[in-house]
Q: 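The structure is given below, and queries will be raised subsequently.
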Amino acid sequence: MPADVPDDLLEAARAVQANAHVPYSHFPVGAAFRTASGRVFVGCNVENASYPEGICAESAAMGAMVSAGEYELVEVLTIADGDHLTTPCGGCRQRIREFARSGTPVHAAGPDGVRRTFTIEELLPAAFESENLA
Ligand code: THU
């Protein structure tokens with residue numbers, strides 16, 4: 001694991017990944033978000049028999065964060081299984097962008113730990129954001 005990846009985010013994401021409700025994809029994902037206050041919010045994917053109604057781990061973590069009155073994301077970590085690098089899906093990149101700072105790191109982990117770290121701008125360049133609506 002790169003030295004600058006805090007263990008607590010990885011452990012929090014790994015723990016919540018185990019709670020994922022994934023009877024359809026069998027692909028559990030965990031997400032851990034650190035906010036400006038230092039608190040960590042977690043979420044896992046929650047699938048549904050009506051497939052499109054399922055939500056991603058990042059959406060679940062974001063709901064917990066905003067419901068607690070926190071709105072500033074300073075570090076993100078997601079974890080998934082398999083050999084392939086799993087990064088947040090397109091929709092979740094847009095959701096993360098809403099609350100991220102410029103340069104907020106997004107760590108992509110597998111069972112072996114963090115595999116790659118991106119900034120949110122690398123994952124979602126030239127984003128549509130609140131400034132567009134000003
Ligand atoms: N999934 C996430 O939770 N986050 C992502 O960013 C990628 C995809 C979930 C959605 C679905 O429950 C499962 O992974 C397979 O697509």
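Counting from 1, the numbers follow the sequence of the chain as shown. Computation of the quantities below employed the complete heavy-atom set of this structure, encompassing side-chain atoms and omitting hydrogens, waters and symmetry-equivalent molecules. Everything numeric here is computed off the predicted structure, so don't read it as measured data. All ligand and atom numbering here is 1-based and tracks the order in the structure.
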Q: Do the side-chain N and O atoms of T87 and R116 include a donor-acceptor pair separated by under 3.5 angstrom?
A: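 Looking only at side-chain atoms, R116 and T87 do not form any donor-acceptor pair under 3.5 Å.
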Q: Give a yes or no on whether N132 atom CG has more than 12 heavy-atom contacts from other residues, nucleotides or ligands under 6.0 Å away.
A: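 Count over threshold, so yes.
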Q: Check the hydrophobic clustering (I, L, V, M, F, W, Y; side-chain heavy atoms under 4.5 Å; chains of links allowed) and say if V114 and V74 are grouped together.
A: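 In one cluster: no.
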Q: I'd like to know if E98 and R95 make a salt bridge, using a cut-off of under 4.0 Å between side-chain N and carboxylate O.
A: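 So E98 does not pair with R95 through a salt bridge.
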Q: For S37 and E70, does a side-chain donor sit closer than 3.5 Å to a side-chain acceptor?
A: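 Their side chains do contain a donor-acceptor pair, which is all the 3.5 Å distance test asks for.
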Q: Counting only heavy atoms and a distance below 4.0 Å, can you name the residues contacting ligand 1?
A: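 For ligand 1, the contacting residues are S25, F27, V29, N45, E47, C56, A57, E58, T87, P88, C89.
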Q: Salt bridge or not between E129 and R97? Use side-chain N to carboxylate O under 4.0 Å.
A: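 Here E129 pairs with R97 in a salt bridge, since their nearest N and O are under 4.0 Å apart.
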